[in-house]
Amino acid sequence: MRQLRWGLFASSFAVLAFAGAASAETIKVGVIATFSGPNAIWGKQFREAIQVYAAEHGTEVNGNTVEFIYKDVGGPNPDASKAAAQELLIREGVKYLAGFDFTPNAMAVAPLINQAKVPAVIFNAATSAINEQSEYFLRTSFTLWQVTVPIAQWAADNGAKKVITAVTDYNPGVDAESAFVSAFEEKGGTIVDKIRMPLQTTDFAPFMQRIKNSGADAVFAFLPAGPATFAFTKAYNENGLKEAGITFYGTGETDETTIDALGDQAIGLTTAYHYSGVHDSDLNRSFTAKLEEMFPQSRANLASVGAYDGVHLIYKMIEAAGTDGEKAIESSKGLSWESPRGLISIDPDSRHVIQNVYIRRVERAENGSLVNREFDTVENVPDLGFSR
Ligand code: PHB
């Protein structure tokens, strides 16, 4: 008996000693995003969602403490992103990178993560080609191909015949244009014109005139969520395009963080997207309630859900592989879980999230807020732009 007790004591001591060694480790995660300037909403939404996840699930994984270190790159700025990644990897010794709101910021770190063998979880940047730049990229957001093909098909099935596209002239805009044109033409539709708008544009009135004069019965738009989408959608509303019979189709143009400022004119705008703040599930209700409890002025949007699921993925990789980047990537392939947006999984080939895409219309909810109400679902859509 005594011997048995001693045996038990010895083996639990060994377990404790092992756990003790592991618990000494702090695993740092570097978050590269925009925390200043006109697009600072991205960093704010990422950080809040990370804090919600940590409040719900703690900051310890397998006895390791997970610490997030934030770096501001001030907007779409690949040089700043590269410098931030260098500092995080070399000076801070981070074992995971995360964040990345704008495509050029993600693209810029590909050679660094390849060299360091450090996984980088993209919370937003949505150009398909990013994940082809490095085996160490994972993405928990969406791609333009993934959400645009469903809206093109829906538009064609619901009476659109002649469409003009209007996109921001950089990688995700080009993806959105290509995806819309190919899916819409495949359904027999006609593209009457294609507009590409500079990234820094804030005056959309001239583009509205061109859309009006084009003879199109609908416009498909893509702009990066934030001030640009708000200004474009406002210009669509204020320049009488709806009255001229030109239907609006888009993806993230009715973002939750700016939707109320669009006012009644936004009601009825139709978009396809992977997340709505009013997605009808218990998990989404608890997620948005926790976010609003911790940050009373906040509203959950695509950035929030991308970051929340991104942290989940990082925790799962730490659980499976600690700080071994190669093993972490392998362990992520095929993982599936329930997100506030619905059931999702990591495609083993593209390392991008497979998810439902919802068709939504702007409505005024009972509490007076404008919301994106989902009314149709295209299930389990992969990144349709991967390896194209
Ligand atoms: C991107 O740069 O990939 C990007 C930025 C904002 C969006 C979507 C995509 O809303």
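All residue numbers in this chain count up from 1 along the given sequence. In listed order, ligands and their atoms are each counted from 1. These figures come from a predicted structure and were not determined experimentally.
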**Message:** Could you check whether any side-chain heavy atom of E67 comes within less than 4.5 Å of a side-chain heavy atom of I27, counting everything from C-beta outward?
**Reply:** no
**Message:** I want to know if ligand 1 touches Y273 in the polar sense, i.e. an N/O pair below 3.5 angstrom.
**Reply:** no
**Prompt:** When the ring centroid of Y249 is compared with that of F180, is the distance short of 6.0 Å?
**Reply:** no
**Prompt:** Is the Y358-H279 ring centre distance short of 6.0 angstrom?
**Reply:** yes
**Prompt:** Relative to each other, are the rings of H57 and Y53 parallel, tilted or perpendicular (30° and 60° limits)?
**Reply:** parallel
**Prompt:** Could an N or O of ligand 1 be found under 3.5 Å from any N or O of A225, whether backbone or side chain?
**Reply:** yes
**Contacting atoms of ligand 1, where contact means under 4.0 angstrom from a heavy atom of P172** = 1 (C), 2 (O), 3 (O)
**Item:** Side-chain touch E326/K117, heavy atoms, less than 4.5 angstrom
**Value:** yes
**Asked** ligand 1 and A126, any nitrogen or oxygen pair closer than 3.5 angstrom?
**Response** yes
**Prompt:** In terms of the angle between their ring planes, are W337 and H312 parallel, tilted or perpendicular, with boundaries placed at 30° and 60°?
**Reply:** tilted
**Asked** Side-chain donor-acceptor pair under 3.5 Å between R341 and S339, yes or no?
**Response** yes
**Asked** Looking only at heavy atoms of A125, does any of them come nearer than 4.0 Å to an atom of ligand 1?
**Response** yes
**Fill in**
Under 4.0 Å from one or more heavy atoms of N124, ligand 1 contributes atoms 4 (C), 5 (C), 6 (C), 7 (C), 8 (C), 9 (C)
**Prompt:** At a 4.0 Å threshold, what atoms of ligand 1 neighbour a non-hydrogen atom of P224?
**Reply:** 5 (C), 6 (C), 7 (C), 10 (O)
**Request:** Give the single entry among W42, Y170, F222, F100 that approaches atom 2 (O) of ligand 1 most closely by any heavy atom.
**Result:** Y170
**Request:** Can you sort out which atoms of ligand 1 are near D101, meaning under 4.0 Å from one of its heavy atoms?
**Result:** 1 (C), 2 (O), 4 (C), 5 (C)
**Item:** T127, any N or O under 3.5 Å of ligand 1 N or O
**Value:** no
**Prompt:** Mind checking whether Y70 and F35 have ring centres under 6.0 Å apart?
**Reply:** yes
**Fill in**
The closest protein heavy-atom partner of atom 3 (O) of ligand 1 is T103 OG1, 2.5 Å
